[in-house]
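Contents: one structure, followed by commentary.
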4 protein chains.
Amino acid sequence: MAAVPRISEEERATRREQILDAAMRCVAREGFHKTSMAHVIRESGLSAGAVYGYFRSKEEIIGAVADRAMDIVGPAIGKAISQSPAPRPTEIIHLVTHAIVRQTEEAEVDITRVAVSAWAEAARDEAVRATAAEKIGGFRSLYADVLRRGQEAGDVDPAVDAEHAAQALFAFMPGFMLQRLIFDDITPETYVEGIKALGVR
Amino acid sequence: MAAVPRISEEERATRREQILDAAMRCVAREGFHKTSMAHVIRESGLSAGAVYGYFRSKEEIIGAVADRAMDIVGPAIGKAISQSPAPRPTEIIHLVTHAIVRQTEEAEVDITRVAVSAWAEAARDEAVRATAAEKIGGFRSLYADVLRRGQEAGDVDPAVDAEHAAQALFAFMPGFMLQRLIFDDITPETYVEGIKALGVR
Amino acid sequence: MAAVPRISEEERATRREQILDAAMRCVAREGFHKTSMAHVIRESGLSAGAVYGYFRSKEEIIGAVADRAMDIVGPAIGKAISQSPAPRPTEIIHLVTHAIVRQTEEAEVDITRVAVSAWAEAARDEAVRATAAEKIGGFRSLYADVLRRGQEAGDVDPAVDAEHAAQALFAFMPGFMLQRLIFDDITPETYVEGIKALGVR
Amino acid sequence: MAAVPRISEEERATRREQILDAAMRCVAREGFHKTSMAHVIRESGLSAGAVYGYFRSKEEIIGAVADRAMDIVGPAIGKAISQSPAPRPTEIIHLVTHAIVRQTEEAEVDITRVAVSAWAEAARDEAVRATAAEKIGGFRSLYADVLRRGQEAGDVDPAVDAEHAAQALFAFMPGFMLQRLIFDDITPETYVEGIKALGVR
DNA sequence: AATGAATGAGCGTTCATTCAT
DNA sequence: TATGAATGAACGCTCATTCAT
């Protein structure tokens with residue numbers, strides 16, 4: 001019934017990835033708004049028309065890149081977090097920070113930089129804010145789940161709403177990323193040590 | 001003999017502030033790079049030439065705005081922090097988060113939004129990164145001082161480098177700002193409660 | 001495999017000519033620096049973006065226009081000059097001045113005016129100076145060749161370096177152009193007559 | 001009857017010279033239209049308002065500078081030319097070229113460059129063209145006078161209108177200036193030698 | 001489906017000139 | 001008279017996007 005596409009869905013997805021990869025490299029270098037479509041087009045190796053065949057506008061690419069950037073640590077730690085017994089807060093931060101460092105060292109783009117750009121973009125672009133809310137909200141839910149289990153184990157004060165504790169625990173991720181962006185002196189080890197020194201278990 | 005300025009240093013400073021105020025409003029709305037000089041000019045009520053009489057370039061305005069945005073909570077809590085006896089970590093976060101909320105509610109611009117834009121800009125602009133390093137570094141030093149005093153009082157593990165604890169404590173500021181930017185559910189009260197639940201004193 | 005250009009090299013060259021024609025008209029009217037890119041764009045009938053697709057900058061257009069303007073008499077007389085027997089100096093100036101007059105009368109732009117602008121530009125733009133050196137140097141070489149043959153024929157003092165005689169002979173071209181620009185009273189005939197009166201053969 | 005000026009005519013003239021000196025330096029460097037009023041103002045050491053107190057517009061400064069630049073060799077050779085017996089054409093060019101070289105070497109500005117800019121400006125500015133016509137016309141008249149005397153002495157063909165011979169003789173001045181602007185290889189000696197080789201007496 | 005030349009509004013910045021002091 | 005801050009049109013150039021091929 002539907003018009004048969006000339007290229008398969010698979011090929012289409014591959015091309016999209018190719019464009020987003022290119023865009024991520026550009027955004028990591030120059031941020032969303034100093035990255036021009038011409039940069040993305042050149043970097044992707046496609047033509048202007050081709051790129052616009054996969055994304056309706058720069059805004060849509062920004063949305064997709066922001067989505068990717070904020071999706072990057074979540075999956076890596078999702079499994080670890082759901083293990084039994086529930087990991088302690090400091091163990092979670094250990095996992096998260098190591099995942100971040102691994103990402104920035106292994107991948108060809110520093111996703112940290114893209115993520116920070118995405119936070120800024122969330123301030124002005126409703127769609128990006130919605131994505132951020134979804135991703136960060138997902139994170140906090142995950143945290144809240146573990147923390148609830150931690151309350152049973154005695155690691156977290158059981159009198160407190162686990163959602164609030166999740167707000168607090170979440171802070172360590174952007175706190176780490178921001179400091180990594182600006183300083184050389186922070187590592188998962190120094191960070192987790194510091195967190196423990198504050199009393200976090 | 002010396003060229004007598006037709007407007008006083010004071011008036012000049014006032015005009016600069018007027019331009020920066022305008023620029024902050026624009027940046028809070030649209031970020032650094034979606035804010036055009038035309039926007040700043042219109043918002044400031046001056047002419048293009050006048051604005052360029054006070055700032056050599058957009059880059060310089062970005063630098064000054066970033067400086068301001070990251071300077072905003074520091075002074076407000078500097079004094080409180082140096083009081084005796086040393087405030088506990090959770091008291092510091094209480095102060096900081098309330099200062100942030102007060103700022104965003106009282107001032108005509110939401111500096112939080114500008115600060116987040118400044119973090120993103122630090123990723124690509126060496127000068128902004130230097131400013132960020134200075135401001136955030138200053139913060140962490142302040143924290144490290146209090147934490148050292150806290151180590152004597154028994155609030156913080158004395159075996160740990162206070163600088164590392166400061167890295168951890170610092171995280172609560174961007175963590176709060178970022179979540180405020182995206183969600184409505186976070187207040188100084190929920191946040192500090194959550195932090196305490198994690199074990200921070 | 002190779003990127004197939006959508007418009008042929010020929011079409012591309014035609015468009016370049018179209019832009020340069022427009023630029024020459026503008027420069028003949030207003031000189032290099034009173035000609036704005038907006039003028040060239042309007043005159044060419046293309047859009048701003050299109051023009052910048054063919055030339056990277058105004059400077060590049062200036063360079064190309066200057067090149068053209070100083071290239072204009074050379075080819076026309078090159079052949080005539082190489083004929084055998086060698087034309088006498090006054091015959092050369094007859095050819096050159098007639099070529100100049102024909103140009104300014106037939107073409108829609110007065111290239112004389114553009115050439116004079118190019119001399120001025122050579123004073124401040126290294127690239128234009130290099131072009132001028134190449135074109136004028138070429139002229140002088142051509143002259144030196146003929147003059148060497150003229151030395152054999154007895155038209156030119158054989159004791160003198162032909163290059164020096166070429167410096168002298170060259171002068172009649174800018175001398176004619178400059179006076180044509182400012183006065184109405186000079187024609188190839190009055191000019192060549194005057195040159196002969198001075199003793200030139 | 002007239003309002004008494006606060007400063008004397010003499011002081012006024014001095015200031016005008018000061019401004020024109022500054023403008024000549026600027027124009028020699030960058031030409032008429034790449035020289036901004038701000039450059040002239042800074043170089044003159046006066047204020048914008050002051051400069052506009054002496055010249056109504058940039059155009060007027062351009063006119064005055066062009067006037068000066070084209071006036072520069074005339075006076076220096078006027079006397080020499082009117083001596084008795086009449087100098088030969090080659091002697092005149094000897095004088096003129098040496099005067100040019102002396103000017104460019106002694107003065108702090110290279111007037112040659114300003115003069116060439118003035119020729120270009122004559123193509124677009126009616127007032128500058130009128131000045132050029134006056135100055136160059138004066139030159140040619142001077143030449144015509146000497147040549148008439150030369151006709152009596154047998155140096156110049158007496159059958160030819162001396163005005164036409166003056167057109168020819170005049171060419172050697174711009175010819176020398178233009179080549180000096182672009183090449184290093186031309187001196188009064190090589191030039192006059194070449195002129196003689198062509199048969200000029 | 002893919003190409004890349006073309007569009008023209010908009011960019012950051014400079015300009016000649018004015019006028020309140 | 002002299003000052004220099006202010007004006008705002010115009011500058012050279014880039015941008016996201018379109019569409020004939």
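A note on names: the letters A, B, ... follow the listed sequences, proteins ahead of strands, and every chain is numbered from 1.
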Notebook entry, point to check: Whole-Å distance between E:dG4 P and C:Ile7 CD1?
Noted result: 12 Å
Check: Do D:Arg12 and D:Glu9 meet the salt-bridge criterion of a basic N to acidic O distance under 4.0 Å?
Finding: no
Note to self: What's C:Tyr54 touching, base or sugar-phosphate or nothing? Going by heavy atoms closer than 4.0 Å.
What the structure shows: sugar-phosphate
Checklist line | Nucleotide E:dC11, atom C1' - distance to CD of B:Glu30 in whole Å | finding: 15 Å
Item checked: Nucleotide opposite E:dG10 in a Watson-Crick or G-U pair, distances under 3.5 Å -> F:dC13
Margin query: I need the CD-C1' distance between A:Glu11 and E:dA2, as an integer number of Å.
Written below: 14 Å
Note to self: Atom CD of residue position C:Glu59 - does it have more than 12 heavy atoms of other residues, nucleotides or ligands inside 6.0 Å?
What the structure shows: no
Item checked: Donor-acceptor contact below 3.5 Å, side chain D:Lys58 vs main chain D:Thr35 -> yes
Note to self: Treating primed atoms plus P, OP1 and OP2 as sugar-phosphate and everything else as base, which nucleotides of nucleotides 15-21 of chain E get B, S or - for protein heavy atoms under 4.0 Å?
What the structure shows: SSBB-BB
Checklist line | Main-chain N/O of D:Ser44 paired with D:Gln18 side-chain donor or acceptor, under 3.5 Å | finding: yes
Next item on the list: Using atom CG of C:Leu46 as one end and atom P of F:dG12 as the other, report the distance to the nearest whole Å.
Entry: 17 Å
Check: Atom SG in A:Cys26, atom CD in A:Glu43: separation rounded to 0.5 Å?
Finding: 4.5 Å
Next item on the list: Taking all heavy atoms of C:Val128 and all of C:Ala66, pick out the closest pair and write down the distance.
Entry: CG1-CB, 4.0 Å
Notebook entry, point to check: E:dA5 phosphate, OP1 or OP2: any side-chain N/O from C:Arg12 under 4.0 angstrom?
Noted result: no
Note to self: Under 4.0 Å, counting only non-hydrogen atoms across every strand here, what does A:Arg15 touch: a base, just sugar-phosphate, or nothing?
What the structure shows: sugar-phosphate
Check: Between B:Arg113 (side chain) and B:Leu181 (backbone), is there a donor-acceptor pair under 3.5 Å?
Finding: no
Notebook entry, point to check: A:Ile62 CD1 to F:dA16 C1': how many Å, rounded?
Noted result: 11 Å
Checklist line | For E:dT21, the Watson-Crick or wobble counterpart (both distances under 3.5 Å) | finding: F:dA2
Notebook entry, point to check: Closer than 4.0 Å, any side-chain N/O of B:Ser47 to the OP1 or OP2 of F:dT7?
Noted result: yes
Note to self: Checking contacts here: which listed nucleotide (E:dA5, E:dA2, F:dA6) is nearest the side-chain heavy atoms of A:Ala50?
What the structure shows: E:dA2
Checklist line | Pairing partner (Watson-Crick or G-U wobble, both distances under 3.5 angstrom) of E:dA1 | finding: none
